[in-house]
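We're numbering straight along the sequence, starting at 1.
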Amino acid sequence: MVHRIENRASGRAQTRRAVIVGAGACGLAFTADRWASRAFAQGTRPLTYALSTYPPNLRPFDFSGAASQVVKALMHRGLLIFGADGKIHPEVAESWELSDPKTYVFKLRENAFFHNGEPVTAEDVKFSLDQIVSPGSTAFFKQDFQIVEKVEATSAKIVTITLKQPTASFAPMLANGCSSIISAKAAIANPNRPVGCGPFILQNSENGVSISLKANKTFYKAGLPRSDAVRFVVYADDSLRVSALEAGDVDIIEYVPWQSMKSLANNPNMSMQSALAAYMYIVFNASAGPFKDARVRRAVALGIRRDDIVKAAFLGYGEPLDGLPISPDSPFYDKASAHLWRYDPDRARSLLKEASASNIPVTLLSTATYGMHKDTAEVIQQNLAEIGMQVELNLPEWGVRVALGNQGKYQFAINGGGGLFGDPDELTPFVGSGSPSYQRSLGMEGKGIDDLLAKARHEIDEVKRRADYADLSRLCAEEVPICTLNYRTQAFALRNNVKDFQSLPGFLMIFSGSALDTAYLA
């Protein structure tokens, strides 16, 4: 029997045989000597990338914002990876197969080595996945990977992962950058210094200012990385980031400010890669205070003019979003429940009155680091004043904002998010419950949402699964685990001397750091 491996990122299915043959045809099992003969042909000046903020941390299993992911994608790699085509490809694994609906078998690359020179083994994979679900773990997929029944090192280079139930989104989760493989030996010796096997090695860093990486000369992909070094420099100010690019001080910038998109797109010395790649939303502290009442959360969702946010914070580069962020291109998109919170200020005022919450003072957590977050917060402050909510803004720098969210020290907060692996199960970390995280609301346990998420995750029949997500949308309309605001256009801008950098498509754009292994300066 040939089992089908569903590629949710591209909406296509591949046979198990095709995956194995395709992986073998990639020709990636080259020796280090062959790689070394090509690796440094592009010169020695570092490829310089302007970060929008200094990463709050570089813990391989955590998600602490796009800036962190860009850096970590070069230091760490997992069994699978998303390519520039949006599809899942073998990475540390040279091939993989689904031997039955619950059992995944991965064959590791013979030439995969960690930065400390140790070979990547099946025991390292088992150790890494065990760390994600260990007590006290802050891993992004800690809850999701509870579905794993066991991880077995079948041999030095064969890993077998058995799930408790069939889970369509498991392979895409492994392709996400938060499922990296680290050296067990190094982690046991020093838990605070994880060692990965990515194309670049951490060389030095200046807290709040810059991070420098050097090429990993034993990287397992022939001819990669194509740059000797990558230097990340922080330009938190949008205008300074653009000026640095125009002056040639940096080669690539992330988070192109919307006010600069037109001018950079028309600059003959630049190119821009953009996509409707992420969305803005609100999370609530539903464990205490006014937002414990679903009527108050619903009043917020109904009281916001989303067009105002698109115009004011994104200069028209975006689209309003008042339902769950399931793409219209997805087979799980439900048109009937696509608009959960259409603007209705009268109904919002009525809900506040029912909840005895009219004219209540509340504090909205956002950040001054990103103009889009600050501007979005200011629009919401104005909109909610019109329905009878007195909103005070708290605008710390990004690292503090993340920490406050992870500690549950807020009433409601602005956040940005995006697709994680191209399957609606990626909603789970955002609308489900779990340990405190800045990415989701606090105190949503027992609302029935977790049950529907779990049911849909393990449903194999696609028709039934679509019905599950339609039911989820209707429940979310009432409980408001998050309040979506708008999709936003996101872009990288790069000077013309940067070659062979291709950002990932759509929502996967925030993981485009992995594509820097092919980029170089001409």
Query - Flag for Asp425-Ser169: side-chain donor and acceptor within less than 3.5 Å - result: yes
**Report entry** Spatial distance of atom CD1 (Ile147) from atom CZ (Phe170) [nearest 0.5 Å]
**Finding:** 9.0 Å
Report task. Quickly, which of Val480, Leu324, Leu321, Thr484 forms a side chain to side chain contact (heavy atoms under 4.5 Å, CB included) with Leu340? Name it, please. Result -> Leu324
Query raised in the report: Under 3.5 Å, is there a donor-acceptor pair linking the side chains of Thr138 and Asp62?
Result: yes
**Report entry** salt_bridge(Asp423, Arg465) N-O dist < 4.0 Å
**Finding:** yes
**Report entry** Gly177 backbone acceptor or donor facing Ser180 side chain under 3.5 Å
**Finding:** yes
**Report entry** Any donor-acceptor N or O pair under 3.5 Å, side chains Gln273, Ser503
**Finding:** yes
Query raised in the report: Under a 4.0 Å N-O cut-off, is there an ion pair linking Asp307 with Arg305?
Result: no
Query raised in the report: Between Tyr255 and Tyr370, how do the two ring planes meet: parallel, tilted or perpendicular, split at 30° and 60°?
Result: tilted
Query raised in the report: Within the side chain of Asp293, is there an N or O that forms a donor-acceptor pair under 3.5 Å with the backbone of Ala355?
Result: no
Report task. To the nearest 0.5 angstrom, please state how far the NZ atom of Lys447 sits from the CD atom of Glu478. Result -> 12.5 Å
Query raised in the report: Does Ser243 use its side chain to pair, donor to acceptor, with the backbone of Ser239 at less than 3.5 Å?
Result: yes
Query raised in the report: So do the side chains of Ile482 and Arg440 get within less than 4.5 Å of each other, counting heavy atoms only?
Result: no
Requested in this report: Please work out which of the three classes, parallel, tilted or perpendicular, describes the rings of Tyr438 and Trp398, given edges at 30° and 60°.
Outcome: perpendicular
Query raised in the report: If you take all heavy atoms of Leu504 and Gly83, which pair is closest and at what distance?
Result: CG-O, 3.7 Å
Report task. Write down the atom of Ser441, the atom of Tyr410, and the distance for their closest heavy-atom approach. Result -> CA-OH, 3.9 Å
Query raised in the report: Does any donor atom in the side chain of Asp334 or Ser337 lie under 3.5 Å from an acceptor atom in the other side chain?
Result: yes
Query raised in the report: Under 3.5 Å, is there a donor-acceptor pair between the side chain of Ser227 and the main chain of Ala519?
Result: yes
**Report entry** Pair Lys311 + Asp308, salt bridge at N-O below 4.0 Å
**Finding:** no
Report task. Output yes when a side-chain donor or acceptor of Gln411 lies under 3.5 Å from a complementary backbone atom of Thr363, and no otherwise. Result -> yes
Query - Within-4.5 Å side-chain heavy-atom neighbours: Ile510 and Gln69 - result: no
Query raised in the report: Looking only at atom types and distance, does a side-chain atom of Asn267 sit under 3.5 Å from a main-chain N or O of Ser263, one as donor and one as acceptor?
Result: no
Report summary line: To the nearest 0.5 Å, atom CD1 of Ile282 lies from atom CG of Leu364 at 6.5 Å
Query raised in the report: Stepwise, does the side chain to side chain contact (heavy atoms under 4.5 Å, CB included) test hold for Phe82 with His89?
Result: CA-CA 6 Å; Phe82 285 110; His89 297 266; over 6 Å; no
Query raised in the report: Is Glu462 salt-bridged to Arg466, cutoff N-O under 4.0 Å?
Result: yes
Report task. Could you tell me whether the side chain of Asp450 and the main chain of Ser433 form a donor-acceptor pair under 3.5 Å? Result -> yes
Report task. Identify the heavy atoms of Ala493 and Leu264 that sit nearest to each other, and give their distance. Result -> CB-CD1, 3.9 Å
Requested in this report: Indicate yes or no: does Asp238 engage Arg241 in a salt bridge with an N to O separation below 4.0 Å.
Outcome: yes
Report task. Before giving the answer on side chain to side chain contact (heavy atoms under 4.5 Å, CB included), spell out for Leu516 and Leu47 the whole-Å C-alpha distance, their side-chain angles and the decisive distance to 0.1 Å. Result -> CA-CA 9 Å; Leu516 287 168; Leu47 177 69; 4.0 Å; yes
Query raised in the report: Distance-only, no hydrogens or angles: does the Ser179 side chain make a donor-acceptor pair with backbone N or O of Ala175 under 3.5 Å?
Result: no
Query raised in the report: Given side chains that start at C-beta, do those of Val70 and Glu254 come closer than 4.5 Å, heavy atoms only?
Result: yes
Report task. May I ask you to say whether Arg77 pairs ionically with Glu91, meaning some side-chain N is under 4.0 Å from a carboxylate O? Result -> yes
Query raised in the report: How long is the span from the CH2 atom in Trp341 to the SG atom in Cys476, to the nearest 0.5 Å?
Result: 6.0 Å
Query - Side-chain H-bond candidate by donor/acceptor type, Asn415 with Tyr281, under 3.5 Å - result: yes
**Report entry** Gap separating the CG atom of Asp322 from the CZ atom of Arg306, nearest 0.5 angstrom
**Finding:** 5.5 Å
**Report entry** Candidates Phe61, Phe63, Phe145 - the one meeting ring pair (Phe, Tyr, Trp, His ring centres under 6.0 Å) with Phe140
**Finding:** Phe63
Report task. Hey, could you give me the CD/CG distance between Gln490 and Leu276, rounded to the nearest 0.5 Å? Result -> 10.0 Å
Report task. Would you indicate whether the side-chain heavy atoms of Leu384 and Val300 approach each other to under 4.5 Å? Result -> yes
Query raised in the report: Would a distance-only check, ignoring hydrogens and angles, find a side-chain to backbone donor-acceptor pair under 3.5 Å from Lys72 to Arg59?
Result: yes
Query raised in the report: Any donor and acceptor pair, going by atom type alone, linking the side chain of Ser68 with main-chain N or O of Asn57 inside 3.5 Å?
Result: yes
Query - 4.5 Å side-chain heavy-atom contact, Trp96 and Leu174 - result: no
Report task. For residues Tyr317 and Lys262, determine if any side-chain heavy atom of one lies less than 4.5 Å from a side-chain heavy atom of the other. Result -> yes
